[in-house]
Each structure stands twice: as C-alpha cells, then as structure tokens.
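Data first, discussion second: the structure below is written as structure tokens.
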2 protein chains.
Amino acid sequence: MKLISRDTDYAVRALSRIARNGNKISSVSNLAKETAVPRPFLRKILQTLNKKGVVNSSKGRGGGFVLARGADKIYLVELINIFQGPIKLNQCLFKKKICHEVASCVLKSKMDALEKNMISELKSITIAVLI
Amino acid sequence: MKLISRDTDYAVRALSRIARNGNKISSVSNLAKETAVPRPFLRKILQTLNKKGVVNSSKGRGGGFVLARGADKIYLVELINIFQGPIKLNQCLFKKKICHEVASCVLKSKMDALEKNMISELKSITIAVLI
DNA sequence: ACAAAATGATACCAATATGGTATCTTTTAC
DNA sequence: GTAAAAGATACCATATTGGTATCATTTTGT
Ligand code: FES
Ligand code: FES
C-alpha cells in the first residue's frame, strides 16, 4: 500500500525545486539535473501539470516552467488527484452481494471517516511547507 | 487510490460467509457459489489465509475451511497486510536528494500521523463487525 | 533569415502487479 | 477403491506503472 506514486513524487520534487529557484523560469533539462529525475519522464509530468494549471509554460528558447500560483497554494492532495486519481477509500466491498444495507454499513462509514481525515490532512501539505 | 484490492475483498467476503454459516466447515465450492467469486481464485486465497493462520483447513472428503479464531479477532488490517503488504504511507519522497533533514520533515511527520490513525481505525474493523 | 533551444503532442515500449486458470499431488470419508 | 476435498505450483492475460522516442511548433539570439 503506497500512497504516493512515482509521478506524484517527481512532480513534488520538480515543483519544490522551481519554488526554491525563486519561481524563476526553469527548463526541464535543468530540473532533471537538479532533481535526479529522467528528463523525458519529467517533461511529460510537467506537461500535464501545465494542462492542469499547476504550472505555466513558455515555449521557445529560454522557455520553461514556473508555478502558476504561490507554493503555499499547491496542495499535495491536488497532485495525487492529478496523477493517481481521486482518493476513494470507501468503495463498497460487497457490491450488494452481501451487505445490502449500504446506508448503515459500519465499514463504509468508517472508511468515509478515514477518507475525510486523510484528505484534510493532505490538504494541509503544500509545496511551501516542503521547502 | 484504492485501499482494498480484489484479494482482500474476496477474503473478507469468504471469511464473513464462513462466519455467517456459524463457522461450520465450508468447502471452496460452496463459498465460491455463495460469494460469487471465481472458484480457483478463491481457493488460492483461502490457501494463503490458511498458511497465515486466519483459517484452518481440513483435507479430504467433507473437508474445507473454518475460521481459526473468533470473527471478532480477525482484523481488516491483517488481511490487508497479508494480501497487499504493510501500510506504508510515510515513505520519504526525496530519498535524501532534497530533504535531508529526515528527522524534522513536515511531510514525514504528517504521514506518520496519518498512517497511525489509519491503522488504528482499520484495527477496529473485524469480520464480526461486518456480519 | 535561420539555427538553437525550448515545449506540445503522441506514440511507443518494458517491467511489474493484478486477477485469474489449470494441473497434478495428497489426504480423507464413505 | 473412489470421489471429494485441500496443497502446491506453474501458468496466463490484462492493466498499470515507469520510462523513451519522435516529430511538430514556438520563441529568441545572432
Ligand atoms: S460493504 Fe458494501 S455497504 Fe457495507
Ligand atoms: S521528504 Fe524525505 S524526509 Fe522529508
């Protein structure tokens, strides 16, 4: 059971690196060196971060990426959502085969609580916190 | 992000089924029917549950599986451990590339807290609770 | 103008994990 | 002895993950 996949991990690394560089425009090549992430992979990651509005990109010579907002506004949970999909701990185990009382199911309610807690905790983790 | 894999899911189903049957000895064939799980797969699952001491098996005609202990002593977290490995949310993201201050890292401490909470919550879920 | 340096878009690939099947051996009840 | 069960294990198909390659497009310095 891992919470954070490679993509998310690398995204965090790159984003905090950019933040450390004072949000100066940073090329993939530099970031790849600074974060020890394979260049083409990092590129793909930054491209999706761009599409999702986490960073802004500029093309052409001297181009690269900057954070689209303050590092304190980029939440870990958002990155997890982007690269790993929504956090869903509360999926019904029995698909109505056994536990029909979905409304009153202990498991489901516990999972719901867990999930809520988890998400709120993850929301308190931002890139700013990590640098 | 899924918390519970198919194996664990099926294990829970089978175990609660056995529990419902009053912990009477139950064959894979019957359980497969009752839980709508593919028979050979369920068999594999029950075999590992047996190895791990969650159920006891008896071979030969009329054989099958029974719970090795009370349904209130079989914890969801244990099943997750068996089929999906230990819950480890707190893996260091930067493998010392960026965040060297492992001891004081915000991320790590938050993850630790989350993990603890999660495990303790999961410990409160037993097969008994689910039937 | 033009070449270099950058991203955009996409297609591809390898390794691993997941979900499931098949087969053969061993044990036991009848 | 035979049928019904589990034990052991090898195998397979599909999806996901992690990563590469390629070509097109944009920008800038000269
Ligand atoms: S396990 Fe499905 S609602 Fe309870
Ligand atoms: S991210 Fe590694 S200890 Fe903080």
Side-chain angles (χ1 to χ4, degrees), chain A residues 1-14 18 24-33 35-68 79-80 82-86 88 91 93 95, chain B residues 1-14 18 24-33 35-68 79-80 82-86 88 91 93 95:
Chain A
M1 246 288 300
K2 252 177 36 183
L3 176 62
I4 290 176
S5 75
R6 208 54 76 86
D7 316 65
T8 309
D9 174 345
Y10 288 172
V12 172
R13 289 197 214 179
I18 297 176
K24 252 197 348 245
I25 192 165
S26 316
S27 72
V28 169
S29 305
N30 287 333
L31 289 172
K33 269 179 224 150
T35 59
V37 173
R39 187 162 33 144
F41 196 21
L42 186 55
R43 194 164 161 200
K44 193 163 69 168
I45 287 167
L46 282 163
Q47 283 180 4
T48 74
L49 285 175
N50 180 40
K51 273 184 207 156
K52 297 290 184 176
V54 179
V55 298
N56 292 328
S57 72
S58 43
K59 291 167 88 170
R61 190 173 193 155
F65 299 88
V66 293
L67 304 186
L79 302 176
I80 293 181
I82 291 175
F83 293 104
Q84 305 171 230
K88 273 235 159 307
Q91 311 156 89
L93 269 190
K95 338 224 146 130
Chain B
M1 245 288 301
K2 253 177 36 183
L3 176 62
I4 290 177
S5 74
R6 208 56 75 86
D7 317 66
T8 309
D9 174 344
Y10 288 172
V12 172
R13 289 198 213 179
I18 298 175
K24 250 194 352 240
I25 192 163
S26 317
S27 72
V28 168
S29 305
N30 286 335
L31 290 172
K33 269 180 227 153
T35 59
V37 173
R39 186 163 32 146
F41 196 21
L42 186 55
R43 191 160 163 202
K44 194 163 67 170
I45 287 168
L46 282 164
Q47 281 180 6
T48 74
L49 284 175
N50 179 39
K51 272 185 206 154
K52 297 291 184 175
V54 179
V55 298
N56 292 327
S57 72
S58 45
K59 292 167 89 170
R61 187 172 197 152
F65 298 88
V66 294
L67 304 185
L79 302 177
I80 293 181
I82 291 175
F83 293 104
Q84 306 170 231
K88 272 235 158 308
Q91 311 158 89
L93 269 190
K95 338 227 145 125

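Below, chain A is the first sequence line, B the second, and so on; all start at residue 1.
Residues passing the side-chain hydrogen bond (donor to acceptor under 3.5 Å, both in side chains) test with B:Asn56: none are found, sequence neighbours excluded. With sequence neighbours left out, the ring pair (Phe, Tyr, Trp, His ring centres under 6.0 Å) criterion links B:Phe41 to B:Tyr10.
D:dA6 atom P lies 15 Å from atom NZ of B:Lys51, rounded to whole Å. The distance between atom CG of B:Leu46 and atom P of D:dA5, rounded to the nearest whole Å, is 14 Å. Put simply, CG on B:Leu3 is 13 Å from P on C:dT18, counting in whole angstrom units. Atom CG of B:Asn56 is separated from atom C1' of C:dT27 by 16 Å (rounded to the nearest Å). For the pair B:Leu49 CG and D:dA6 C1', the interatomic distance rounds to 14 Å; values are reported in whole Å. Here C:dT27 presents its P atom at 16 Å from CZ of B:Phe65, a figure rounded to the nearest Å. Rounded to whole Å, atom P of C:dC24 lies 16 Å from atom CD of B:Gln47. Atom-to-atom, CD1 of B:Ile25 to P of D:dA6 comes out at 8 Å; the value is rounded to the nearest Å.
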(message) Protein within reach of the bases, or only the backbone? For nucleotides 17-30 of chain D, mark each nucleotide 5' to 3' as B, S or -, using heavy atoms under 4.0 Å.
(response) -SBB-B--BBBBS-
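The two atoms that bring A:Val54 and A:Ile82 nearest to each other are CG2-CD1, 3.8 Å, heavy atoms only. Among all heavy-atom pairs drawn from B:Ala11 and B:Leu49, the shortest one is CB-CD1, 4.0 Å.
Residue B:Ser57 has no polar side-chain atom (N or O) positioned under 4.0 Å from OP1 or OP2 of D:dA5. Put simply, A:Asn50 has a side-chain N or O that comes within less than 4.0 Å of OP1 or OP2 on C:dG8.
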Using atom types as modelled, flag every donor-acceptor pair under 3.5 Å from a side chain in residues 24-33 of chain A to any protein atom, sequence neighbours excluded.
{"from": "A:Ser26", "atom 1": "OG", "to": "A:Lys24", "atom 2": "O", "distance (Å)": "2.8"}
{"from": "A:Ser27", "atom 1": "OG", "to": "A:Asn30", "atom 2": "N", "distance (Å)": "3.3"}
{"from": "A:Ser27", "atom 1": "OG", "to": "A:Asn30", "atom 2": "ND2", "distance (Å)": "3.4"}

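For the side chain to side chain donor-acceptor pair (under 3.5 Å) condition, the pairs that include at least one residue of residues 41-52 of chain B, sequence neighbours left out, are B:Asn50-B:Ser57.
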